[in-house]
Protein chains: 2
Amino acid sequence: MDALIRNMEVSINPRLYLKDPQSTQLGKRIVSNGIDMISAMGVEQFNFKKLGEQIGSNESSIYRYFENKHKFLIYLCSWYWGWLELRLVQETHRITEPLECLKRGIDTLTRPVEADASYGHIDEVALHEIVVNEYSKPFLTREVDQQNREGYFEIYKRLVHRLADMIRAVNPEYPFAASLSSTVLEGSLHHFFLEQHFPSLTELEGVKNHTLFFRQLVLSAINK
Amino acid sequence: MDALIRNMEVSINPRLYLKDPQSTQLGKRIVSNGIDMISAMGVEQFNFKKLGEQIGSNESSIYRYFENKHKFLIYLCSWYWGWLELRLVQETHRITEPLECLKRGIDTLTRPVEADASYGHIDEVALHEIVVNEYSKPFLTREVDQQNREGYFEIYKRLVHRLADMIRAVNPEYPFAASLSSTVLEGSLHHFFLEQHFPSLTELEGVKNHTLFFRQLVLSAINK
DNA sequence: TATTTAACGATAGTAATACTATTATATTGC
DNA sequence: GCAATATAATAGTATTACTATCGTTAAATA
């Protein structure tokens with residue numbers, strides 16, 4: 001089981017790309033340089049032409065991997081959520097005591113991201129920056145429902161459900177496990193954003209408070 | 001005092017417009033039709049040319065009121081938050097008991113918006129739709145910090161601080177009043193969005209649960 | 001009432017974006 | 001060595017988000 005869990009990989013809905021970027025050198029360069037550029041300049045300023053120039057390739061080549069910029073962003077975010085899900089599973093699957101499991105889960109999901117050597121060409125710290133600064137853009141569109149039906153947000157939803165299950169394991173009577181789980185995941189990103197841009201709207205600064213706040217929020221809500 | 005509070009009006013940072021839309025007929029038509037159109041088609045699909053056609057006026061005339069679409073959106077959202085702040089003050093200023101005051105405050109801020117006859121040309125329900133479906137777009141940009149310095153988000157910040165003060169009034173020892181307040185305001189919008197588009201990620205449906213969830217979340221967090 | 005002034009409407013134009021289409025040139029598999 | 005595939009280069013298109021200009025209309029003032 002352990003080996004199995006260690007060898008898990010992030011798998012992403014193939015509808016998000018035209019050609020799997022993991023399958024070629026160029027594809028990997030598109031993804032890794034795309035992450036760097038978007039985290040540096042923001043999605044609005046980013047486009048495939050600039051990315052092409054950056055990697056010494058061509059706009060049209062990138063369009064053979066990704067249909068458009070928006071799907072590229074969803075792809076990157078999905079990768080992030082998938083990666084976080086792996087960490088969640090890895091860090092909690094040995095823990096049998098539900099309360100301890102939940103605490104560790106919240107820690108994993110709310111603490112800042114550190115570099116992870118396991119995935120060579122992807123800079124998780126830069127990716128976290130993207131998710132914090134653009135977090136709602138994948139779904140705040142007119143096409144959400146359509147895209148949701150096509151499964152673009154499956155990984156994120158699965159992650160919310162995982163945390164919700166951990167909450168239910170501690171207190172099966174609590175009626176809002178999914179809502180609370182959503183609040184933690186969304187709230188955590190939002191608080192990273194607030195720390196950076198609206199410090200007067202939060203007391204959280206640095207790692208410790210961040211995790212403490214969400215832990216206490218959840219545990220008191222479910223009355224433990 | 002009561003009369004004073006009844007007569008308060010939403011006042012918006014003049015830097016958000018070139019010419020005060022409240023000062024003319026055309027301005028009011030721009031705002032009210034803009035709200036209708038954005039709530040119907042979303043900001044991405046919306047533009048000043050379409051709005052001009054809709055109100056039998058001209059693109060260039062609208063640009064004399066608002067510098068660009070983004071500031072127009074911030075203007076509308078500011079109006080919404082200002083209006084909500086008024087309601088918050090009106091509904092809580094007579095209550096002296098802090099806990100009761102906090103409960104009423106949370107109710108006001110988290111329950112769905114109903115039509116308000118006080119502001120003739122503005123459709124608050126449509127405006128609420130906009131805020132729910134585009135809520136992070138005003139600030140998820142590269143220009144946040146600049147725009148924050150120019151005071152574009154003052155009203156929203158003031159609202160967060162008001163709720164935080166109510167929390168502190170109930171429990172001065174609780175160290176995360178602002179964070180909790182931010183979580184409620186952001187979370188409430190997010191949950192309206194989830195109800196519409198990702199119902200599996202929340203148990204909240206309809207008014208009752210919505211307010212109940214946030215009430216219980218806050219009160220248990222601050223240990224009351 | 002005449003005149004000035006401000007507001008508005010209409011048209012045209014621009015730079016950038018987000019692609020699409022086509023063709024040429026490498027690279028790889030057999 | 002040849003066919004098939006992947007990539008590069010170039011050009012082109014529709015749309016967007018404005019800006020600039022100018023004539024007309026309405027309002028304010030004298």
Side-chain angles (χ1 to χ4, degrees), chain A residues 14-34 37-38 40-76 121 134 137-138 140-143 146-147, chain B residues 14-34 37-38 40-76 121 134 137-138 140-143 146-147:
Chain A
R15 293 189 189 185
L16 284 170
Y17 48 79
L18 296 169
K19 174 173 178 167
D20 186 357
Q22 303 285 22
S23 68
T24 67
Q25 273 309 104
L26 180 61
K28 285 176 186 168
R29 272 151 49 74
I30 289 171
V31 170
S32 77
N33 285 270
M37 288 183 79
I38 295 177
M41 59 172 47
V43 248
E44 270 72 34
Q45 276 62 49
F46 169 86
N47 63 44
F48 286 173
K49 195 173 179 185
K50 290 177 186 170
L51 177 56
E53 281 159 20
Q54 169 85 4
I55 63 178
S57 173
N58 196 273
E59 201 185 358
S60 59
S61 304
I62 299 168
Y63 274 105
R64 254 178 254 110
Y65 285 83
F66 293 98
E67 219 176 311
N68 56 52
K69 188 164 92 167
H70 188 244
K71 285 198 180 179
F72 184 54
L73 180 64
I74 302 182
Y75 177 91
L76 296 183
H121 67 294
E134 329 277 358
K137 288 175 190 168
L140 284 196
T141 71
R142 283 288 124 169
E143 299 80 34
Q146 167 65 14
Q147 300 190 337
Chain B
R15 292 189 190 186
L16 286 170
Y17 48 79
L18 297 169
K19 174 174 178 168
D20 187 358
Q22 302 286 20
S23 69
T24 66
Q25 274 307 106
L26 179 61
K28 285 176 185 167
R29 273 150 49 76
I30 289 171
V31 170
S32 77
N33 285 271
M37 288 183 79
I38 296 178
M41 61 173 48
V43 248
E44 271 73 34
Q45 275 61 50
F46 169 85
N47 63 43
F48 285 173
K49 195 173 180 186
K50 290 176 187 171
L51 177 55
E53 280 159 21
Q54 169 86 5
I55 62 178
S57 173
N58 197 272
E59 202 185 358
S60 59
S61 304
I62 299 168
Y63 274 105
R64 268 182 225 108
Y65 284 82
F66 293 99
E67 220 177 309
N68 56 53
K69 188 165 94 166
H70 188 243
K71 284 197 179 181
F72 183 55
L73 180 64
I74 302 182
Y75 178 91
L76 296 182
H121 67 293
E134 328 277 358
K137 288 176 190 167
L140 284 196
T141 72
R142 284 285 125 171
E143 300 80 33
Q146 167 66 13
Q147 301 191 336

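In what follows, chains carry the letters A, B, and so on, assigned in the order in which the sequence lines appear, proteins first and then strands, with residues in each chain numbered from 1.
- Spacing between atom CD1 of B/I62 and atom P of D/dA17 amounts to 13 Å, rounded to whole angstrom units.
- Among C/dA10, C/dC19, D/dA8, the nucleotide with an atom closest to any side-chain atom of A/S61 is D/dA8.
- Straight-line distance from the CD atom of B/E59 to the C1' atom of D/dA20: 13 Å, rounded to whole Å.
- Residue A/K28 contributes atom NZ, which lies 13 Å from atom P of D/dT7 at whole-angstrom precision.
- Rounded to whole Å, atom P of D/dT7 lies 11 Å from atom CZ of A/R29.
- A/F66 comes within 4.0 angstrom of no nucleic acid atom, judged by non-hydrogen atoms across all strands.
- Closest approach of B/L16 to B/K71, counting heavy atoms only: O-CB, 3.9 Å.
- An OP1 or OP2 oxygen of C/dG9 is reached within less than 4.0 angstrom by a side-chain nitrogen or oxygen of B/S57.
- Backbone-only contact: A/E67 has heavy atoms under 4.0 Å from sugar-phosphate atoms and none from a base.
- The distance between atom CG of B/L26 and atom P of C/dA10, rounded to the nearest whole Å, is 12 Å.
- For the OP1/OP2 pair of D/dA6 and a distance below 4.0 Å, the side-chain nitrogens and oxygens of A/Y65 include no atom meeting the criterion.
- As rounded to whole Å, 16 Å separates atom P of D/dA26 from atom CG of B/N58.
- In this structure, A/F48 atom CZ and D/dA8 atom C1' are separated by 17 Å, rounded to whole Å.
- Heavy atoms of A/K19 sit under 4.0 angstrom from primed sugar atoms or phosphate atoms, though from no base atom.
- Atom-to-atom, CZ of B/R64 to C1' of C/dA10 comes out at 10 Å; the value is rounded to the nearest Å.
- Within the nucleic acid shown, B/Q45 has no heavy atom closer than 4.0 Å to any nucleic acid atom.
- Contact annotation: side chain of B/T24 to base of C/dA7, donor-acceptor pair absent below 3.5 Å.
- Within the nucleic acid shown, A/K49 has no heavy atom closer than 4.0 Å to any nucleic acid atom.
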